[in-house]
Amino acid sequence: MTTLHNILSDSEKRVYATDTGTKMHALLQHVVIDKEFEQGDQRLIQKIKQHPELLRFFVKTAKTEVPIAGIVQNKFVSRRIDRLLMSDELKTIDILDYKTDLCHDTYYGAYVAQLREYARLLQQIYPDYTIKTHILWTHDFSLENII
């Protein structure tokens, strides 16, 4: 079967992923689905609603584009978390990172390392919290639990 992934060159794949990712991040940043309240791009809202496991990440209390900085492995890092859901009551933090890649394998190791870095930074600030990380693959809206 011929797919877009098979047709595009490596350079074109990177450009496609970057362009698509930038646009998708901008749209997802404004999506809220909370009981009777909905905000944002209706196409995305409908896609998210088709995957009930995603709904908890798009409530009003979820934070988007959360800046974080600190020291990891003796170097200063400054990052931005796509979406963060925190419960002081349960002492949990869930990180959701959007990825637009058509092929999960290409940069998978780097993505896992990125999410581990986010978790380490947050663990320094919230040592008593359980931190979990997840990837939302936006080409099919599947959710992958990482750590």
Side-chain angles (χ1 to χ4, degrees), residues 3-5 8 12-147:
T3 64
L4 182 59
H5 178 72
L8 297 176
E12 290 170 322
K13 288 174 193 171
R14 279 190 296 277
V15 169
Y16 173 82
T18 300
D19 289 349
T20 303
T22 300
K23 291 172 188 170
M24 185 63 76
H25 275 73
L27 291 171
L28 284 170
Q29 169 179 344
H30 300 289
V31 171
V32 176
I33 307 168
D34 203 346
K35 297 178 183 151
E36 300 300 316
F37 178 79
E38 293 181 359
Q39 172 184 302
D41 185 280
Q42 283 300 308
R43 288 178 309 111
L44 289 178
I45 289 171
Q46 293 313 309
K47 285 183 180 188
I48 292 165
K49 284 179 154 185
Q50 292 172 8
H51 302 273
E53 69 277 12
L54 295 175
L55 290 173
R56 68 187 186 102
F57 293 102
F58 292 90
V59 295
K60 289 179 188 176
T61 56
K63 307 294 182 216
T64 61
E65 299 299 316
V66 179
I68 188 163
I71 305 294
V72 175
Q73 296 178 337
N74 296 320
K75 74 174 187 183
F76 177 78
V77 293
S78 177
R79 305 285 184 253
R80 189 168 299 275
I81 297 171
D82 292 339
R83 192 168 280 263
L84 185 138
L85 187 60
M86 186 171 179
S87 170
D88 290 324
E89 181 182 328
L90 300 173
K91 291 198 176 283
T92 60
I93 299 173
D94 284 276
I95 298 167
L96 184 64
D97 198 55
Y98 315 136
K99 298 299 181 195
T100 55
D101 303 50
L102 297 173
C103 177
H104 294 195
D105 299 335
T106 307
Y107 301 106
Y108 190 78
Y111 295 156
V112 170
Q114 173 189 6
L115 288 168
R116 284 190 177 135
E117 189 174 77
Y118 292 167
R120 284 188 195 115
L121 288 167
L122 285 170
Q123 200 72 72
Q124 292 172 21
I125 303 166
Y126 300 99
D128 297 333
Y129 283 62
T130 300
I131 299 172
K132 296 180 181 175
T133 63
H134 318 269
I135 293 176
L136 170 57
W137 297 101
T138 61
H139 70 280
D140 64 1
F141 279 79
S142 61
L143 178 69
E144 183 173 354
N145 300 318
I146 303 299
I147 54 173

If we only count heavy atoms from C-beta on, is the [X] to [Y] side-chain gap below 4.5 Å?
X	Y	answer
Val59	Leu85	yes
Tyr129	Leu122	no
Thr100	His139	no
Leu84	Ile68	no
Trp137	His104	yes
Leu44	Met24	yes
Arg83	Tyr98	yes

Without swapping roles, check the side chain of Thr133 against the backbone of Ile147 for a donor-acceptor pair under 3.5 Å.
yes
Are the side chain of Gln124 and the backbone N or O of Pro127 linked by a donor-acceptor pair below 3.5 Å?
no
May I have all residue pairs that pass side-chain hydrogen bond (donor to acceptor under 3.5 Å, both in side chains) and include part of residues 64-81, sequence neighbours excluded?
Arg79-Glu117
[atom1]-[atom2] distance between [X] and [Y], expressed to the nearest 0.5 angstrom:
X	Y	atom1	atom2	result
Lys47	Thr138	NZ	OG1	8.5 Å
Asp97	Gln114	CG	CD	4.5 Å
Glu38	Ile45	CD	CD1	5.0 Å
Ile95	Leu121	CD1	CG	8.5 Å
Asp94	Asn145	CG	CG	8.5 Å
Met86	Thr61	CE	OG1	11.5 Å

Parallel, tilted or perpendicular, as decided by the 30° and 60° cut-offs, for the rings of His134 and Phe57
perpendicular
The test is side-chain contact (heavy atoms from CB on, under 4.5 Å); show your working for Tyr118 and Val72 and say whether it passes.
CA-CA 9 Å; Tyr118 292 167; Val72 175; over 6 Å; no
Give a yes or no on whether Arg56 atom CZ has more than 12 heavy-atom contacts from other residues, nucleotides or ligands under 6.0 Å away.
yes
What residues, two or more places apart in sequence or in another chain, satisfy salt bridge (Lys or Arg N to Asp or Glu O under 4.0 Å) together with Arg120?
none
side-chain contact (heavy atoms from CB on, under 4.5 Å) evaluation trace for Leu136 with Phe141
CA-CA 6 Å; Leu136 170 57; Phe141 279 79; 4.1 Å; yes
In chain order, what residues pass the side chain to side chain donor-acceptor pair (under 3.5 Å) check against Lys132, with sequence neighbours excluded?
none
Please name the residue in the list Ile135, Leu96, Ile131 that meets the side chain to side chain contact (heavy atoms under 4.5 Å, CB included) test with Leu115.
Ile135
So, Glu144 versus Tyr111: side-chain donor-acceptor pair below 3.5 Å or not?
no
Could you verify whether a donor N or O on one side chain and an acceptor N or O on the other, from His25 and Asp82, lie under 3.5 Å apart?
yes
In terms of heavy-atom contacts, Val31 and Leu27 come closest through CG2-O, 3.5 Å
Would you name the heavy atoms of Gln39 and Phe37 that are closest together and state the gap between them?
OE1-CZ, 3.5 Å
State whether Asp101 and Lys99 are salt-bridged, where the test is any N-O pair (Lys NZ or Arg NE/NH1/NH2 against Asp/Glu carboxylate O) under 4.0 Å.
no
